[in-house]
Amino acid sequence: MTSASGGADMVDWNLAVATATRLVRPGPEVSRAEAGAVVAELRRHALAAEEHVREFTGMRSSSLAEAAATPVLIVDRPGWVRANVAGFRTIVQPLVEKLQARRTNGSASAVFGTVGEKATGIEVGALLAFLATKVLGQYETFAPAEPSLEAPDSPAALFDKPRLGPEGPGPGRLLLVAPNIVHVERELDVDPADFRLWVCLHEETHRTQFTAVPWLRDHIQSEVQSFLAETDVDPGALLERLRDAAGSLGAGLPGLGGGSRGDSTSSTGLLEIVQSPAQREILGRLTAVMSLLEGHADVVMDGVGPAVVPSVAEIREKFQQRRDRGANRLDLVLRRLLGMDAKLRQYQDGAVFVRGVVEQVGMEGFNRVWTSPNTLPTKEEIHDPAAWVARVAR
């Protein structure tokens, strides 16, 4: 595939999709009738969750048209891969253009000649195959513009089939990964209908966050683009930072040892070791806002739960035990290298922040967090709700 600027991409996205589709593990065994029932129930729950979230949070979409423009897609694992490839292509385009500009440089050309778009496509595909089995749902902030769906492979197709792009950025879309939801509900041995609605409540909260707060998407996109703009594409500079990071190997590879689960400085993702100081500063702001969004969604799904999900207490207890327990040793290593442990801390830290603020100033006071980028919590305030209350809510 070629980029919008007409040059070759740094990733062969078609090959990435093909690789991921070939490598991804199959989902749980279900009959076609069972799969159809799951898809239909998830669509109903997604619709019902929208009003539950609005009532609990007091947040309303800025316009009906904007809410309608963010579709809910029920996908299988290959469908999740396709959707994320489309999102990746949209958000990394500035970095692609930056890399293309460097290709006239001999050293950059040598690196790309060695690695190549196809090799990178295979690597990205293998990564997506791993992640495609982990995600229950996702609000895709940087989804491509409509049309977002391809025609189904057959009239009887069960799942939505996201396009690969390369349209420009659209308003976003909500993905629910049906096979993974069924897999986890069976693993936890919980009521399927309750669990499916519980998951929809979390993901619908993310959809509400972005449709009710018009500036939020542009703010996050701006931060991500600033992060990418600071990326040093000079192989020499990159290798120098890698050598600096190698000095920490004496104490164990970052992210693989040392520190408690709650220590946000003890688990470093693989990509963090090659970041510049400016990127770390941007990442700190992004971490704070993502912790807010994830923690808010966790609080809402549990807060709405008792009224509409009778077994919510049992689901939360078992689900939290599953998070804490983790998976096999290989999964744990991959999760730490990819920074997925940091993702889990975002749920925990963000939920503590939201509950702490709501206890002090109520939901209406908490909702002042959505006023502007200046009212978002800082990375330090996420761990100190009273400091945010003192700065903003009072």
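Computed over heavy atoms, backbone and side chain alike; hydrogens, waters and symmetry mates excluded.
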Taking the six-membered ring for Trp and the full ring for Phe, Tyr or His, determine whether the centres of W370 and H296 are under 6.0 Å apart. yes
If we ignore angles and hydrogens, is there a donor and acceptor under 3.5 Å between the side chains of Q348 and D298? no
Salt-bridge present (D160, R43; N to O < 4.0 Å): yes
Would the distance check show the side chain of E34 and the main-chain N or O of S31 forming a donor-acceptor pair, the cut-off being under 3.5 Å? yes
Report the C-alpha separation of V190 and S311 in whole Å, then their side-chain angles, then the decisive distance to 0.1 Å, and conclude whether the side chain to side chain contact (heavy atoms under 4.5 Å, CB included) test is met. CA-CA 8 Å; V190 294; S311 60; 5.7 Å; no
Please say yes or no: joined through hydrophobic side-chain contacts below 4.5 Å, possibly via intermediate residues, are V184 and I181 part of one cluster? yes
Between E50 and R54, does the salt bridge (charged side-chain N to carboxylate O under 4.0 Å, His left out) criterion hold? Intermediate values first, please. CA-CA 6 Å; E50 183 175 1; R54 287 176 178 178; 2.7 Å; yes
Within this structure, what is the CD-CZ distance for the pair E29 and R186, rounded to the nearest 0.5 Å? 8.5 Å
Check: R25 main-chain N/O paired with R77 side-chain donor or acceptor under 3.5 Å: yes
Measuring from Y139:OH to L176:CG, what's the distance to the nearest 0.5 Å? 13.0 Å
About how many Å separate OG1 of T211 and CE of M59, when rounded to the nearest 0.5 Å? 7.5 Å
Is a side-chain donor or acceptor of D194 paired with a backbone partner of V309 at a separation under 3.5 angstrom? no
Report the relative orientation of the aromatic rings in F195 and W198; use parallel for angles under 30°, tilted for 30 to 60°, perpendicular for over 60°. tilted
Side chain to side chain contact (heavy atoms under 4.5 Å, CB included) between F56 and H52, worked out: CA-CA 6 Å; F56 184 83; H52 291 314; over 6 Å; no
Using atom types as modelled and distance alone, determine if a side-chain donor or acceptor of Q279 lies under 3.5 Å from a backbone N or O of F227. yes
Spacing of CD belonging to E381 relative to CG belonging to L376, to within rounding of 0.5 Å: 10.0 Å
Hydrophobic cluster membership, L47 vs I74, 4.5 Å side-chain cutoff: no
V124 and A16 have their tightest heavy-atom pair at CG1-CB, 4.1 Å
Flag, side chain of K318 to backbone of L188, donor-acceptor distance under 3.5 Å: yes
Looking at every non-hydrogen atom in both residues, tell me the closest pair between A193 and H45 and how far apart they are. O-NE2, 3.4 Å
Whether the Q138 and H206 side chains hold a donor-acceptor pair (N or O, under 3.5 Å, no angle test) is what I'd like checked. no
How many angstroms lie between CG in D191 and CD in E185, if you round to the nearest 0.5 Å? 8.5 Å
Which value, rounded to the nearest 0.5 Å, describes the distance between L216 atom CG and T141 atom OG1? 8.0 Å
Heavy-atom pair with the smallest gap, counting every atom of P306 and V312: N-CG1, 3.7 Å
Can you check whether V17's main-chain N or O pairs, donor with acceptor, with T21's side chain at less than 3.5 Å? yes
Between the main-chain N or O of G350 and the side-chain N or O of S291, is there a donor-acceptor pair closer than 3.5 Å? no
With clusters defined by side-chain heavy atoms of hydrophobic residues (ILVMFWY) lying less than 4.5 Å apart, directly or transitively, does V24 cluster with L175? no
Report, as yes or no, whether the 6.0 Å neighbourhood of atom CD on E51 holds more than 12 heavy atoms from other residues, nucleotides or ligands. yes
So, for L158 and G36, which heavy atoms are closest and what is the spacing to 0.1 Å? CD2-CA, 3.8 Å
Distance-only donor-acceptor check, side chains T208 and E204, under 3.5 Å: yes
Search all heavy atoms of L15 against all heavy atoms of I122 and return the closest pair with its distance. CD2-CG1, 3.7 Å
Cluster question for you: counting only ILVMFWY and a side-chain heavy-atom cut-off of under 4.5 Å, with indirect links fine, are L23 and L128 together? no
Indicate yes or no for a side-chain donor-acceptor contact from W388 to the backbone of T375 under 3.5 Å, with no hydrogens or angles considered. yes
Same hydrophobic cluster for V392 and V352, using side-chain heavy-atom links shorter than 4.5 Å among ILVMFWY? no
Report the C-alpha separation of T371 and R368 in whole Å, then their side-chain angles, then the decisive distance to 0.1 Å, and conclude whether the side chain to side chain contact (heavy atoms under 4.5 Å, CB included) test is met. CA-CA 5 Å; T371 304; R368 292 190 63 183; 4.1 Å; yes
Assess whether a salt bridge exists between R207 and E203, defined as any Lys/Arg side-chain N lying under 4.0 Å from an Asp/Glu carboxylate O. no
Taking all non-hydrogen atoms of both residues, which atom of P377 and which atom of V369 are closest, and how far apart? CD-CG2, 3.6 Å
